[in-house]
2 protein chains.
Amino acid sequence: MTSKNQSTLAVSTVIFALRPDEASGLMTLWLPLVRRIREPHLGQWALPGGWLPGDEELAAAASRTLRETTGLAPKYLEQLYTFGDLGRSPGNRVVSVVYWALVQSDEAALAAVGENVQWFPADRLPELAFDHNRIVDYALWRLRTKVEYSRIAHAFLGETFTLAQLRDVHEAVLQKPLDPANFRRTVEASGTVVDTGQHLAGARHRPPRLYRYNDSSRLADQGPLGPSIG
Amino acid sequence: MTSKNQSTLAVSTVIFALRPDEASGLMTLWLPLVRRIREPHLGQWALPGGWLPGDEELAAAASRTLRETTGLAPKYLEQLYTFGDLGRSPGNRVVSVVYWALVQSDEAALAAVGENVQWFPADRLPELAFDHNRIVDYALWRLRTKVEYSRIAHAFLGETFTLAQLRDVHEAVLQKPLDPANFRRTVEASGTVVDTGQHLAGARHRPPRLYRYNDSSRLADQGPLGPSIG
DNA sequence: GCAAAAGTGTTGACTTTACACCCATGC
DNA sequence: GCATGGGTGTAAAGTCAACACTTTTGC
């Protein structure tokens, strides 16, 4: 077991959701963490995950462990990186295949929260177990530098959405305001969304159009690797 | 060994070098493959790699296995993706952490070539063992869609180089001709290369300037993860 | 009508692209 | 001189950011 030629394989997931900041009211990124219930790092917060069974696909294992620990089912799931530094865990060396996931805001609200599962704002995290702070930093960087935002934004939203909602998502991820006029033109030109013809009434202003994500436009993303949706 | 909860960990590397195509004389991407000397897939060509020892860093293992099998030492080494599909290997499930590497053209010429190691043009490969064709496709896609070309180009070239050589690299990777005038301006504006003041004489035309790669400009690449150079 | 957000139009700044042209060397 | 690639200049086309302005709803 603790032989020189063995490493243990684990799967972890960084899960992002978008919800309003309690103080400012602005949409910000949050993520759920689980409290360690055994050594090492007992009591500290960590990313949800678990050991990889020999008969389960990597993405399926990521999906399952995060469902078991947090009750969440991701709309978007993609491999992030594999961390395997010798010193990242005391004792036997652990190689972790890490995924990153996005969940819808309303689903995130329903997620199990308790003594051992809690949401934290992505840029104000406590000190996490193992090298998990580093992992979250990298996941945040990937989220923000990802060119293909339409799919990401779609993962945060429902089936239909207004351009203002879509813009909110982009602004929250990029952490800067976007010009509504220019944003509209950019999105329309990209062809990643389709006008449903419907409008959203109720607000005390002109009813905005509802759009739907254009499924036929999701190529040229991961390249030859098909996009994995857990 | 063949327990339900065990997977075997391997490390493989896709190595690229740039060399002139025999027929056209144009620079194209080539990669070395090793012949399988045992089952499964005995006799087929495969990516260099090996099992991961429990006491070796991932990047170090990638570096070592490709040195042992091909004699090459990469100037650029980066993690590509982790492949772990259940059906990718007969028998026990194998999870492979795959790296991609770039080597200098002149060094590639010195590399061991024999019955069991051979170079192939990247876009005309034979049928490889396991899922290695898929892995190479993905590595090629990553190479071509990588925004940060200067470091990549530098990895293919020597310490000093002319802008024409640098342009050759870019043209080979992107597979399209580039305007020499505009290329020059773009590179000079980027600040990734420095004029050495020296010139390269001997050709029967105006002697081109020699440039050097600017080390202080290599940030904002992998983000929070430091670049690994094996 | 008024406020608020949806949605359209326009202009100037900047970037990219195409190509004309001069420069310095070997033969 | 002539051929060859190095290196410079420049104008048209295209892209992007800022912001004025019109439209449609709830109250």
Side-chain angles (χ1 to χ4, degrees), chain A residues 20 24-27 144-145 147-150 153 157-158 160-214 220, chain B residues 20 24-27 144-145 147-150 153 157-158 160-214 220:
Chain A
S24 67
L26 289 168
M27 291 293 250
R144 291 192 168 127
T145 55
V147 268
E148 215 264 298
Y149 289 117
S150 42
L157 300 168
T160 61
F161 45 86
T162 69
L163 285 187
Q165 288 173 325
L166 189 59
R167 181 161 43 84
D168 272 356
V169 172
H170 284 237
E171 287 180 342
V173 170
L174 298 174
Q175 294 183 296
K176 67 176 179 186
L178 299 170
D179 184 302
N182 297 331
F183 180 80
R184 163 179 300 275
R185 273 182 290 255
T186 307
V187 171
E188 282 175 345
S190 76
T192 49
V193 298
V194 182
D195 190 344
T196 63
Q198 295 176 301
H199 291 255
L200 182 65
R204 64 183 198 288
H205 57 75
R206 177 169 171 176
R209 291 182 184 171
L210 282 169
Y211 290 83
R212 181 189 310 286
Y213 182 70
N214 179 7
Chain B
S24 68
L26 290 167
M27 291 294 249
R144 292 193 167 125
T145 56
V147 270
E148 215 262 297
Y149 289 118
S150 43
L157 299 169
T160 61
F161 46 87
T162 69
L163 285 188
Q165 289 173 325
L166 188 60
R167 180 159 45 83
D168 272 356
V169 173
H170 284 238
E171 287 180 342
V173 171
L174 298 175
Q175 292 184 296
K176 66 175 182 190
L178 298 171
D179 185 302
N182 297 332
F183 181 80
R184 163 179 299 276
R185 272 183 291 254
T186 307
V187 170
E188 282 177 343
S190 76
T192 50
V193 299
V194 184
D195 190 345
T196 63
Q198 295 177 299
H199 292 254
L200 182 64
R204 64 184 199 285
H205 56 75
R206 174 168 171 179
R209 291 183 184 171
L210 282 168
Y211 291 83
R212 182 191 309 284
Y213 183 70
N214 179 7

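Residue numbering restarts at 1 for every chain, and letters A, B, ... go by the order of the sequence lines. In this text the structure is predicted, and so the values were computed from the model without any measurement.
Here the C1' atom of nucleotide D/dT24 and the CG atom of A/L163 are 16 Å apart, to the nearest Å. Look at CD on B/Q165: it is 14 Å from P on D/dG5, rounded to the nearest Å. Remark: C1' of D/dC21 and CZ of A/R206 are 13 Å apart, rounded to the nearest angstrom.
Every residue meeting the side chain to side chain donor-acceptor pair (under 3.5 Å) condition with B/Q175, not counting sequence neighbours, appears here in chain and number order: B/R144. In this view, A/R206 satisfies the side chain to side chain donor-acceptor pair (under 3.5 Å) rule with no residue, not counting sequence neighbours.
In this structure, B/V193 and B/F161 have side chains that are in contact, with non-hydrogen atoms separated by less than 4.5 Å. Inter-residue side-chain proximity for B/Y211 and B/E188 is flagged as met; some heavy-atom pair is nearer than 4.5 Å.
A/T160 contributes atom OG1, which lies 8.0 Å from atom CG of A/L200 (distance to the nearest 0.5 angstrom). In this structure, CG on A/L163 lies 8.5 Å from CG on A/D195, to the nearest 0.5 angstrom. The OG1 atom of A/T192 sits 14.0 Å away from the CZ atom of A/R212 when rounded to the nearest 0.5 Å.
Side chain of B/T196 to main chain of B/L210: a donor-acceptor pair is present (N/O by atom type, distance under 3.5 Å, no hydrogens or angles).
With hydrogens and angles ignored, no donor-acceptor pair under 3.5 angstrom links the side chain of A/R204 to the base of D/dT25.
Rotation axes derived from the C1' atoms of the five outermost pairs at either end of the helix from C/dG1-D/dC27 to C/dC27-D/dG1 lie 10° apart, to the nearest 10°.
The stretch residues 170-189 of chain B touches DNA chain C through B/D179, B/A181, B/N182, B/R185, each having a heavy atom within less than 4.0 Å of the strand.
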List the atom pairs, donor and acceptor, that lie under 3.5 Å between side-chain atoms in residues 176-185 of chain A and the rest of the protein, sequence neighbours left out.
| from | atom 1 | to | atom 2 | distance (Å) |
| --- | --- | --- | --- | --- |
| A/D179 | OD1 | A/A181 | N | 2.7 |
| A/D179 | OD1 | A/N182 | N | 3.1 |
| A/N182 | OD1 | A/R185 | NH2 | 2.9 |

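Listed here is the closest heavy atom pair of A/P207 and A/A201: CB-CA, 4.3 Å.
Once you apply a 4.0 Å limit to the heavy atoms of chain B, the touched nucleotides of DNA chain C run 5' to 3' over C/dT17 to C/dG26.
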